[in-house]
Amino acid sequence: MSQIDRKSITFKQAEGLEPLPSQLNLKELSPVIKARFWGYIYSQIEADLSYGLVTGTMGKASRAFAIQSGMLIDDWDARVGPVTRAWKRYFSEEASYADTLEFMEWYARYMDDPEVDRFINAVLVHERAAYRFIDGSIVALASPEEGVTVLKAIDATAKAGLSGAKAHLLNASSNLTAGKYADSVRESIHAVEAVMFKKTGITGSFTGALKEYAKANPMHTAFSEALVKLYGYTSNEQGVRHSLFDKGDADVTEKDALFMFGVCAAFVTYLL
């Protein structure tokens with residue numbers, strides 16, 4: 001199992017104080033994302049500077065944005081200072097996540113350029129934000145309910161005194177933030193194993209433990225079979241349960257890891 005790159009997660013995540021992966025932290029945007037977006041916008045402004053005036057495409061964009069924001073056209077100032085000040089505030093420390101993302105969404109739609117779309121999404125993906133740029137709109141990668149599900153599971157394991165299961169969930173979260181998706185899936189399923197084995201006293205066989213659990217806690221056959229198949233996925237997908245040192249990591253995507261994290265967290269809560 002590969003180790004988490006300490007530089008890819010925050011101190012709070014390393015200490016287990018920040019339970020949610022960055023992809024589930026809705027209504028948040030890191031200073032790095034704001035800085036990268038503003039760096040890009042500013043470079044485009046610089047490219048269209050002429051004798052201290054913002055001209056060309058960026059000049060037209062500035063003018064259009066001013067009018068759309070309710071500014072009377074004769075109050076609009078094309079000089080680089082006023083233009084940068086008017087736009088920079090959407091990327092400042094005081095700017096909310098909505099301020100920044102709304103501006104970038106507007107900018108992308110105004111420019112109508114696939115390269116701009118790709119840049120915006122590349123930043124969001126690289127920084128593992130909770131949002132993505134899809135078909136001309138910035139949308140949430142997950143729902144608030146998914147974050148609540150994870151927090152409930154972590155709280156449930158803590159109250160039950162299952163420190164091992166809690167640690168697995170926190171590690172799954174940290175691996176998601178670090179971009180180690182196969183490791184995240186591995187930790188997610190280990191959390192389920194830890195709870196199931198503790199509840200039944202059976203170790204080594206998830207299927208056996210599930211059957212034992214079902215004796216005292218009847219569940220629909222289809223539901224039980226679905227859990228076994230989901231567990232089987234982690235064994236069948238090469239490199240998920242056991243790292244493949246000669247072949248690299250398993251073919252697990254961010255979406256796969258987020259799905260498994262949410263499902264396993266929900267199942268942990270169900271078991272407890």
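No hydrogens, no waters, no symmetry mates; every other heavy atom, side chains included, goes into these values. Position 1 is the first residue of the sequence, and the numbers go up from there. Please read all numbers here as calculations on a predicted model, not as lab measurements.
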* Let me see the working for I41 and F103 under side chain to side chain contact (heavy atoms under 4.5 Å, CB included), right down to the final yes or no. => CA-CA 11 Å; I41 295 295; F103 181 90; 4.2 Å; yes

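- Residue D135 places its CG atom among 12 or fewer non-hydrogen atoms of other residues, nucleotides or ligands, all under 6.0 Å distant.
- Checked against salt bridge (Lys or Arg N to Asp or Glu O under 4.0 Å), E102 has no partners two or more places apart in sequence or in another chain.
- Counting only distance, with no hydrogens or angles, the side chain of K34 and the backbone of A95 share a donor-acceptor pair below 3.5 Å.
- In this structure a side-chain-to-backbone donor-acceptor pair under 3.5 Å is missing from N175 to A172.
- To the nearest 0.5 Å, the span separating CG on L124 from CZ on F37 amounts to 4.0 Å.
- Contact detail for G262 and T149: the closest heavy-atom pair is O-CG2, 4.0 Å.
- The shortest non-hydrogen separation linking L210 to F267 is CD1-CZ, 4.3 Å.
- With sequence neighbours excluded, the residues forming a salt bridge (Lys or Arg N to Asp or Glu O under 4.0 Å) with E115 are R118, listed by chain and number.
- Taking the side-chain contact (heavy atoms from CB on, under 4.5 Å) definition, one finds that A191 meets it with H168, L169, V268, sequence neighbours left out.
- A distance of 12.0 Å separates CD1 of I120 from CZ of R36, quoted to the nearest 0.5 Å.
- Residues in residues 81-94 take part in these side chain to side chain donor-acceptor pair (under 3.5 Å) pairs, two or more places apart or across chains: S92-E94.
- Interatomic distance, CD1 of I138 versus CG of L101, reported as 4.5 Å (0.5 Å rounding).
- To the nearest 0.5 angstrom, N217 atom CG is 6.5 Å from K199 atom NZ.
- Grouping the Ile, Leu, Val, Met, Phe, Trp and Tyr side chains by contacts below 4.5 angstrom, directly or via other members, places M196 apart from I202.
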Sequence neighbours left out, cut at 3.5 Å: what donor-acceptor pairs do the side chains of residues 60-72 make with other protein atoms?
unit_1 : atom_1 : unit_2 : atom_2 : d
S62    : OG     : W76    : NE1    : 3.0
Q68    : OE1    : W106   : NE1    : 3.0
S69    : OG     : F65    : O      : 2.8

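- At least one donor-acceptor pair under 3.5 Å links the side chain of D256 to the backbone N or O of T253.
- Applying the ring pair (Phe, Tyr, Trp, His ring centres under 6.0 Å) test to every pair with at least one member in residues 124-161, sequence neighbours left out, gives these pairs: Y97-Y131.
- Salt-bridge formation is detected for the pair D183/R186: a Lys NZ or Arg NE/NH1/NH2 atom is positioned less than 4.0 Å from an Asp or Glu carboxylate oxygen.
- For the pair S184 (side chain) and K180 (backbone), a donor-acceptor distance under 3.5 Å is absent.
- The closest donor-acceptor contact from the side chain of N171 to the backbone of A167 lies under 3.5 Å.
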Only distances under 3.5 Å count here; give the side-chain donor-acceptor pairs of residues 44-57 to other protein atoms, sequence neighbours excluded, each with its distance to 0.1 Å.
unit_1 : atom_1 : unit_2 : atom_2 : d
D48    : OD2    : T57    : N      : 3.3
D48    : OD2    : M58    : N      : 2.9
T55    : OG1    : D48    : O      : 2.8

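- Hydrophobic cluster membership of I134, counting Ile, Leu, Val, Met, Phe, Trp and Tyr whose side-chain heavy atoms lie under 4.5 Å apart directly or via other members: V139.
- Checked against salt bridge (Lys or Arg N to Asp or Glu O under 4.0 Å), D77 has the following partners two or more places apart in sequence or in another chain: R79.
- Applying the salt bridge (charged side-chain N to carboxylate O under 4.0 Å, His left out) test to residues at least two apart or on different chains, the pairs with a partner in residues 215-226 are E212-K215.
- Using a 4.5 Å cut-off between side-chain heavy atoms of Ile, Leu, Val, Met, Phe, Trp and Tyr, with links allowed through other members, M111 and F91 fall into the same hydrophobic cluster.
- Classified by interplanar angle (parallel below 30°, tilted 30° to 60°, perpendicular above 60°), the ring pair W38/Y42 is tilted.
- Residue V125 is not grouped with residue Y181 when hydrophobic side chains (ILVMFWY) are merged at heavy-atom distances under 4.5 angstrom, including chains of intermediate members.
- Considering all non-hydrogen atoms of both residues, A257 and L176 come closest at CB-CD2, 3.7 Å.
- Side-chain atoms of D155 do not come within 3.5 Å of backbone N or O of L151 as any donor-acceptor pair.
- For the atom pair CE (M104) and CD1 (I33), the distance works out to 11.0 Å, reported to the nearest 0.5 Å.
- Taken from CG in L170 to OG1 in T157, the straight-line distance is 7.5 Å, to the nearest 0.5 Å.
- Qualifying salt bridge (Lys or Arg N to Asp or Glu O under 4.0 Å) partners for R132, counting only residues two or more places apart in sequence or in other chains: E254.
- Nearest approach of A165 to V195, heavy atoms of both residues: CB-CG2, 3.6 Å.
- Partners of F197 by side-chain contact (heavy atoms from CB on, under 4.5 Å), not counting sequence neighbours, listed by chain and number: E193, T203, A209.
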